[in-house]
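Just follow the structure's listing: the first ligand is 1, and inside any ligand the first atom is 1. Worth knowing before you read on, the calculation uses all heavy atoms, side chains too, and leaves out hydrogens, waters and symmetry mates.
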Amino acid sequence: MSEETIFDKIIQREIPATIVYEDDLALAFEDINPQAPTHLLIIPKTRIATCNDIDKSQRELVGHLFWVAAQIAKQEGFADAGYRTVMNCNDDGGQTVHHIHLHLLAGKPLGWPPYQERLKQA
Ligand code: 5GP
């Protein structure tokens, strides 16, 4: 079992977060360092460290995170305008918290590809 992260503390309400959605499987809350006008993190309540650690039995749970993203998008009114969902994996993917989380970014046209700036600097 992977080590507890800050997200377990948010699930357990040990540290504050602006929670926008919760059900028995998942929690969604505002990212503390938003990269778009709307930047939410959707996490499973079960701790899974990285994408590499998703068990076959958890495929439906991970799909649920995308379903939650779409429900929030519809509820908040940006589903038709569009949004981005991202799940980073390990160092090269930019993962800093080892409890999988789906980033939900919306509210402005988002650049693509996301690595363009880093390539330009290289
Ligand atoms: P990653 O880099 O692992 O894909 O994304 C981790 C995200 O968690 C980052 O966007 C970061 O801003 C966010 N984050 C880190 N610590 C906290 C926290 O204590 N509260 C909240 N709400 N977000 C956090």
### Query
Checking side-chain contact (heavy atoms from CB on, under 4.5 Å) for the pair F7/L41: CA distance, chi angles, key distance, verdict?
CA-CA 10 Å; F7 291 172; L41 301 173; 3.7 Å; yes
### Sub-4.0 Å heavy-atom approach of K9 to ligand 1
no
### For I10, atoms of ligand 1 separated by under 4.0 Å from a heavy atom
20 (N)
### Task
Return the set of residues passing side-chain hydrogen bond (donor to acceptor under 3.5 Å, both in side chains) with D55 (not counting sequence neighbours), or none when no residue passes.
S57
### Summary
With sequence neighbours left out, the residues meeting salt bridge (Lys or Arg N to Asp or Glu O under 4.0 Å) with R59 are none
### Query
Can you find a non-hydrogen atom of G94 under 4.0 Å from ligand 1?
yes
### Query
Should the proximity of I6 to ligand 1, defined as any heavy atom under 4.0 Å, be assigned to the side chain, the backbone, both, or neither?
side chain
### Message
Surrounding CG of N52 (heavy atoms of other residues, nucleotides or ligands, distance under 6.0 Å), is the total greater than 12?
### Response
yes
### Query
At a non-hydrogen distance cut-off of under 4.0 Å, which region of H101 contacts ligand 1 (side chain, backbone, both, or neither)?
side chain
### Task
Name the closest protein heavy atom to atom 22 (N) of ligand 1, giving the residue it belongs to and the distance to 0.1 Å.
E30 O, 2.9 Å
### Query
So, do H103 and H101 have ring centers that fall under 6.0 Å from each other?
yes
### Message
Are any of the N/O atoms on H39, whether in the backbone or the side chain, positioned under 3.5 angstrom from an N/O atom of ligand 1?
### Response
no
### Message
With heavy-atom distances below 4.0 Å as the criterion, list the atoms of ligand 1 near N33.
### Response
12 (O)
### Task
Before signing off on this row, confirm whether N88 and ligand 1 have an N or O atom pair separated by under 3.5 Å.
yes
### Message
If the contact criterion is a heavy-atom separation under 4.0 Å, does M87 count as touching ligand 1?
### Response
no
### Summary
the protein heavy atom lying closest to atom 3 (O) of ligand 1 turns out to be T96 N, 2.7 Å
### Message
One residue to check: T18. Relative to ligand 1, which of side chain, backbone, both or neither has a non-hydrogen atom less than 4.0 Å away?
### Response
neither
### Summary
Shortest non-hydrogen pair, G82 vs A106, comes out as O-CB, 4.1 Å
#### Entry: Min N/O separation F7 to ligand 1 under 3.5 Å
no
### Task
Identify, for atom 10 (O) of ligand 1, the protein heavy atom at the shortest distance, and state residue, atom and that distance.
D31 OD2, 2.4 Å
### Message
So, regarding V97 and ligand 1 (criterion: nitrogen or oxygen to nitrogen or oxygen, under 3.5 Å), is there a contact or not?
### Response
yes
### Task
Select one of side chain, backbone, both or neither to describe which atoms of L41 lie under 4.0 Å from any atom of ligand 1, heavy atoms only.
side chain
#### Entry: Lys/Arg N to Asp/Glu carboxylate O, E22 vs K45, below 4.0 Å
yes
### hydrophobic_cluster_shared for V97 and L27, side chain cutoff 4.5 Å
yes
### Task
Determine whether the side chains of H39 and N33 contain a donor N or O and an acceptor N or O closer than 3.5 Å.
no
#### Entry: Non-hydrogen atoms of A69 and T85 that approach each other most closely
CB-CG2, 4.0 Å
### Task
Look only at interatomic distance and state if I32 has a nitrogen or oxygen under 3.5 Å from any nitrogen or oxygen of ligand 1.
yes
